[in-house]
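Just below is one structure, and these are the notes that go with it.
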Number of protein chains: 2
Amino acid sequence: MTKNFSFIEKLRETGLRPTKQRIKICEVLFNREKTFHFTINDLVKKISEELNEKISLATVYNTVHALQKKGYLKEISINSNKSYFDTNTSVHHHFYDEDTHQLIDCNENEIESVKVKNNITGKKINSVEVLVRVASDNQNQN
Amino acid sequence: MTKNFSFIEKLRETGLRPTKQRIKICEVLFNREKTFHFTINDLVKKISEELNEKISLATVYNTVHALQKKGYLKEISINSNKSYFDTNTSVHHHFYDEDTHQLIDCNENEIESVKVKNNITGKKINSVEVLVRVASDNQNQN
DNA sequence: CAACAGTTTAGAATAATTATAATTTATAAT
DNA sequence: ATTATAAATTATAATTATTCTAAACTGTTG
């Protein structure tokens with residue numbers, strides 16, 4: 001499995017021991033074309049589907065948080081009871097489908113660049129993110 | 001208590017029965033100068049502090065959700081394990097101070113209105129919110 | 001290969017929220 | 001007014017996501 005050497009390197013470079021579990025989680029997260037939006041539960045499901053393995057829930061939490069801390073994953077601000085993560089760590093925007101609870105990347109050209117005219121004094125802007133909440137046209141009114 | 005007549009009216013107009021509990025919650029939420037960012041727990045505390053009353057937790061949840069559904073409260077997207085609500089229901093944005101974990105309203109003129117050029121087909125846009133994450137200039141790297 | 005710190009693990013604990021089902025209340029009809 | 005009703009409140013249980021714990025295991029270093 002040549003492809004995993006890179007993960008082993010990456011992990012070691014970052015100061016994370018390349019354990020079996022972490023390598024597998026990296027495979028699932030980063031061996032894909034499209035960026036991946038997921039909750040912990042999504043990830044656990046992918047692990048069992050794609051690798052036919054079971055990694056303890058606590059380990060999945062630990063690893064995702066470790067990868068996030070090291071800048072390989074980004075947590076997205078949605079008000080949901082669950083945390084959403086994104087393998088695309090660049091600053092970008094999202095649609096959140098309130099019917100299906102899915103996060104969808106905005107293409108660069110779908111939202112005009114947001115201009116922040118005044119910042120809080122003494123602070124640096126780390127990111128400017130837009131969340132567009134959408135839902136079916138019919139099920140809006142209570 | 002003349003001031004409560006307005007809440008009784010508002011509730012009834014909206015199709016919500018003006019119960020004792022709902023009127024009290026409205027008092028706490030809306031009888032204030034500044035807009036109020038709160039979690040359910042904050043609100044329960046305010047109720048007991050300001051009114052010296054105890055309203056069942058379930059009722060607080062129900063009422064806040066009812067008021068939100070009717071457009072009198074807005075839920076804010078922050079990734080926290082708790083839900084944050086805002087008495088300011090106008091379209092407006094927030095700064096999130098990553099040092100202090102505080103939410104700060106953006107004034108109307110601080111962010112240019114966001115234009116969403118393409119929406120997901122078959123969906124209606126419910127909200128467009130910007131979160132500007134800020135932090136001290138010096139403490140960014142982990 | 002031995003030692004040790006770092007990881008993994010199952011399961012318990014915690015915290016926010018939602019569901020349940022009995023009681024109470026607001027209102028409309030009498 | 002009184003009653004009937006649907007809606008709301010309540011205490012408590014259930015659920016869900018997440019974190020904690022402590023024991024077992026594993027990767028790395030010498």
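Computed from heavy atoms alone, side chains included, the values below leave out hydrogens, waters and symmetry copies. The sequence lines fix the lettering, A, B, ..., with proteins before strands; numbering per chain opens at 1.
Rounded to an integer number of Å, the gap from B:Leu16 CG to D:dT9 P is 9 Å. With rounding to whole Å, B:Arg22 atom CZ is found 11 Å from C:dA26 atom P. Computed from coordinates, the A:Leu11 CG to D:dT28 P distance equals 10 Å when rounded to whole Å. The separation between B:Ile40 atom CD1 and C:dA16 atom P is 11 Å, rounded to whole Å. Computed from coordinates, the A:Asn62 CG to C:dG11 P distance equals 17 Å when rounded to whole Å. Between the CD atom of A:Glu13 and the C1' atom of D:dT28 there is a distance of 17 Å, given to the nearest Å. Taking atom CD1 on B:Ile8 and atom P on C:dA26, their separation rounds to 10 Å, with Å as the unit. Atom CD1 in A:Ile55 sits about 18 Å away from atom P in D:dC25, given to the nearest Å.
Neither OP1 nor OP2 of D:dA8 sits under 4.0 Å from any side-chain N or O of B:Thr63. Residue B:Lys54 places at least one side-chain N or O closer than 4.0 Å to OP1 or OP2 of D:dA11. Contact check, A:Arg12 against D:dT28: a side-chain N or O comes under 4.0 Å of OP1 or OP2. Of the side-chain N and O atoms in B:Gln21, one or more sit less than 4.0 angstrom from OP1 or OP2 of D:dT10. Here A:His65 does not reach the OP1 or OP2 of D:dT18: none of its side-chain N or O atoms lies under 4.0 Å away.
Counted by atom type alone, A:His92 and A:Asp86 present one or more donor-acceptor pairs between their side chains at under 3.5 Å.
Residue A:Thr59 is classed as a base contact, given a heavy-atom separation below 4.0 Å to a base. Contact annotation for A:Leu57: base contact, defined as any heavy-atom pair under 4.0 Å involving a base atom.
Distance from the side chain of B:Arg17 is smallest to D:dA8 among C:dT8, D:dA8, D:dA17. In this structure, the nucleotide among D:dT19, C:dT17, C:dT7 sitting nearest to the side chain of B:Tyr61 is C:dT17. Of all nucleotides listed (C:dT9, C:dA26, C:dT7), C:dT7 comes nearest to the side chain of A:Thr19. Side-chain atoms of A:Ala58 lie closest to C:dG11 of the nucleotides C:dG11, C:dT7, C:dT25.
Salt bridge present: A:Glu129 and A:Lys74 bring a charged side-chain N and a carboxylate O closer than 4.0 Å.
With a 4.5 Å cut-off on side-chain heavy atoms, A:Lys124 and A:Asn126 count as touching. With contacts defined as side-chain heavy-atom distances shorter than 4.5 Å, the pair B:Asn107/A:Asn118 does not qualify.
Using a 30° and 60° split on the angle between ring planes, A:Phe7 and A:Phe30 fall in the tilted class, from 30° to 60°.
Partner assigned to C:dT30 is D:dA1, using Watson-Crick or G-U wobble distances below 3.5 angstrom.
Mapping B:Gly15 and A:Lys20 onto DNA chain D by nearest heavy atom places B:Gly15 at the nucleotide closer to the 5' end. For B:Thr39 and B:Pro18, each mapped to the nucleotide of DNA chain C holding its nearest heavy atom, the one lying further toward the 5' end belongs to B:Thr39.
The environment of NZ in B:Lys117 is crowded: more than 12 heavy-atom neighbours from other residues, nucleotides or ligands sit within 6.0 Å.
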